[in-house]
Amino acid sequence: MRLTIILLRTFLCLMLAVSAAGLPGSFAAAQEPPQPQAQTEAPTPLADTGLDQAVKEIEKAKAKLASLQDGVKQSADNDDALVSLSTQVDELGRHILATSVNLRPRFDQIKSRLTELGDPPKEGQPPEAQIVTDERNALTAERAQINAVTGDAENLSLAINKLMNEVVETRRRLFAATLLRRTEVSVSVLDDAAKAFVEEVGEFRQALSSWLSFVWKFKRFAMFAAIFMSLATGLVMLSGGYRMFGRYLTRDDGVENPSYISRLSIAFWSTLIRTFALAAVLVTSYIFLNGFNVLRPDIAPVVAALFAAIGLIYFVGRFSNAVFAPREPQWRLVRLSNRGAQSIGACLLAMAIVNALDYLFGSVSEAMGSPLVLTVVRSLIAALIIGLILIAASFGRPMLAHDGDPDAPGRHWPRGMAIILRVLGLGLIVTALTGYVGLARFVATQFIITGAIIVTTYIGLLSGKAISKQESFGDTFIGRFLKSRFNMGPVAIDQVGLGVGLAIYAVALMTGIPLILLLWGFHIQDLQLIAYRLFTEVRLGGISISLLGIFTGILLFAGGYLLTRWIQRWLDSNVMARSHVDLGVRNSVKTGIGYLGVAVAAIIGVSAAGIDLSNLALVASALSVGIGFGLQNIVSNFVSGLILLVERPFKVGDHVVSGTAEGIVTRISVRATEIETFRKQSIIVPNSELINAAVGNWTHRNKVGRSEIPISVSYETDPQKVMDILLELVNEAPFVLRNPEPHVEFLRFGAYSLDFELRFMLADMGEGMNVRNNLRIAILKRFKVEGIEIPLPQSDVIFHRDHVPAPALEPSSTSADDQPGDDTGVMDSGAVRQLRSKAADGNRKG
């Protein structure tokens, strides 16, 4: 018994040694005595597993978070500082998340190894090797450390999210407090503002003159160089825009009734290109002037405000001219009279000038350190002027007359629009006079600039819609150029037009939405953060979607698909063709490689898109259970449908013949295929039947097919003449191919005729019925002209004058005068033999 126990222990040690060989932390053969270095072998250091680095990162993040929390408290009234802090908080959150994710692979390795080692032996069970116990204890301790670090990272992430929400809430309260701040509006306030204005004008004049004299003496060359470089940048942009969109930047006065797409395109591109060119000149001018140290700190914000005011006025002017076209009614986008277009454009431009001057004077006051009362009164005056302009515009008559004459006096605004303008204008005046000057000023600014941007964006969307409309892009200049340059067909031109329309959508939205967000209080950092989260992490409930990951997955799948097709062609043309492999084997190899490559590309693309394949495994297991309970037919049809869609043995529009139907394929789905017969009956055929049965396809490769017409002529006709006539007629018929050329077969010597068959190839089998009908008519007419007889079936009838008993005569063998119809007086050979037999019997009896 003791010997048996010793043998069992020895066998157990051997098995443990074999199972641990080649694994992390494995030991040498268990039967050998443990070496000294094996006894002193320590677990993997923390630095090697990344734990030490993760702990250091967590400690740094805690210190950074405490610093950010103090910064948020100290900058509660500074929106710019809060924006910068929110960016730092978001970066810290992403860094902590990455630290936690980096520990996940090591944690999974430890978990897998502990599963392999199993639980320690219980009481009464044979003891395990000491090295296994040491490895399990080391891995367990490391797992506990990873759990502790991961827990700290999760707690830190919660604190970071809380701080981010606090920053957002602080910014919201600051924005609301700034807008709803109330100030006293009285005569004394106006008097103080007048005195402050006079002082500010004197100080600004003195500062401006000193700066100009300094620039002229010491920075003259730098100033001219900056202006030259900025003008060159603007000219490059403007010339590039004219080269690409020159047709859509100027209106042709000779066109009396331009199309809607032309009006939209010119309005959108003329506003966008020219505004961007001026913006490039202004922005680069400021950058170069500031970079060459031409601007002093007190003058730089004033110059920036001046450039912004110029850009705003130009943009609104271009916008109103593009939409309303005051002097060119045929290019107008809205139904306004000439006077109405001029008045509305003038009102918009006046409001833009008021806003621009208010912003410029505000920058001057900030640079000169003017008192707050001057800013309040200046905003009050601007809000009052804009309110009066809106009220005055509501009483106008801008709408086009009923007769459509733009020179005629217009009609009043629609009642709803007039009321909106009056309420808005009166609301601005009342809000400003009651002391909420900031709110009135903000609403006035947003009404002008945001409205102009929204309308311009909408015009861009309409232009994209008009260009992407079917058969519209081909009429444009670019469409005609593509037709002539690349010889593109209508379908390809429509597809390019769809792409161009989508590109215009993208340009309009990517230009308009950021500008609107910036006007409504967002900062550049906010937009960058939104864009980053949009492309890297979009959460829908518990699901996280990365648009960038999805795009990367699509690109990887497309690359894998193209690589698979290249490998198929290379193997077929360079390996199997040179080896003279059988065509069937070549096709099987190509098909197998195609399926394998597409499957691998799909797996890579799905993984890159961030979709967890383990969820698909759960779905597959659930489907297998359902299949076992009776979904075999549904799954069979589904898989068959996928095979049909991938292999495409037939496609929509093909003429097919199956065991159950013959007709035209109208629809292929993953479950069934719809076939429409020539009697307009729709037959739904399960896909599994089309996969498992033979299916004939008349138009598999193309619509070319052979058609036949049988012809019979009398024995007196010259066969060569008949063949020549038939070939002459078939060569004149449409849809008949000349290669392979038609031919006539002399089939047989019939019982009463010479039998021919006219065979020809058709370019489209769908026209076979019409072609055969027309040919039969032409053949019949030509035979009549040539005197060629088409014989009828013939039979010999023999009449015997001997007496025949009445019972011997059948009713069907009466004379020709007694039976009407085409077969009167005609007996077949069987009836003649029967008549002869009965007559002979009667003679013998007589």
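The basis for the numbers below is simple: all heavy atoms, side chains too, and nothing from hydrogens, waters or symmetry mates. No experiment lies behind these values; they were computed from the predicted model shown.
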Looking at every non-hydrogen atom in both residues, tell me the closest pair between [X] and [Y] and how far apart they are.
{"X": "Val695", "Y": "Leu690", "result": "CG2-O, 3.6 Å"}
{"X": "Val771", "Y": "Pro734", "result": "CG2-O, 3.7 Å"}
{"X": "Thr564", "Y": "Ile593", "result": "CG2-O, 3.5 Å"}
{"X": "Tyr561", "Y": "Ala601", "result": "N-CB, 4.1 Å"}
{"X": "Ile725", "Y": "Phe783", "result": "CG2-CE1, 4.1 Å"}
{"X": "Tyr505", "Y": "Ser468", "result": "OH-OG, 4.4 Å"}

Beyond-backbone contact of Leu727 with Val744, side-chain heavy atoms, under 4.5 angstrom: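 The answer is yes; the side chains approach within 4.5 Å.
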Point-to-point distance, once rounded to the nearest 0.5 Å, from [atom1] of [X] to [atom2] of [Y]:
{"X": "Asp718", "Y": "Leu754", "atom1": "CG", "atom2": "CG", "result": "10.0 Å"}
{"X": "Ser658", "Y": "Glu689", "atom1": "OG", "atom2": "CD", "result": "8.0 Å"}
{"X": "Leu498", "Y": "Lys469", "atom1": "CG", "atom2": "NZ", "result": "14.5 Å"}
{"X": "His743", "Y": "Met761", "atom1": "NE2", "atom2": "CE", "result": "10.0 Å"}
{"X": "Ser707", "Y": "Phe760", "atom1": "OG", "atom2": "CZ", "result": "4.0 Å"}
{"X": "Glu745", "Y": "Leu758", "atom1": "CD", "atom2": "CG", "result": "10.5 Å"}

Hey, does the side chain of [X] reach the backbone of [Y] with a donor-acceptor pair shorter than 3.5 angstrom?
{"X": "Thr717", "Y": "Val713", "value": "no"}
{"X": "Asp572", "Y": "Gln568", "value": "no"}
{"X": "Arg776", "Y": "Ile709", "value": "no"}
{"X": "Ser753", "Y": "Gly750", "value": "no"}
{"X": "Asp755", "Y": "Ile711", "value": "no"}
{"X": "Ser112", "Y": "Asp108", "value": "no"}
{"X": "Arg263", "Y": "Arg332", "value": "yes"}

Phe749/Phe746 aromatic ring centres below 6.0 Å: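 Yes, the ring of Phe749 comes within the 6.0 Å limit of the ring of Phe746, centre to centre.
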Short N-O contact, Glu728 and Arg782, less than 4.0 angstrom: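 The answer is yes: the pair qualifies as a salt bridge.
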No-hydrogen, no-angle side-chain donor-acceptor test under 3.5 Å, Thr666 and Glu676: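 Per modelled atom types, Thr666 and Glu676 side chains form no pair under 3.5 Å.
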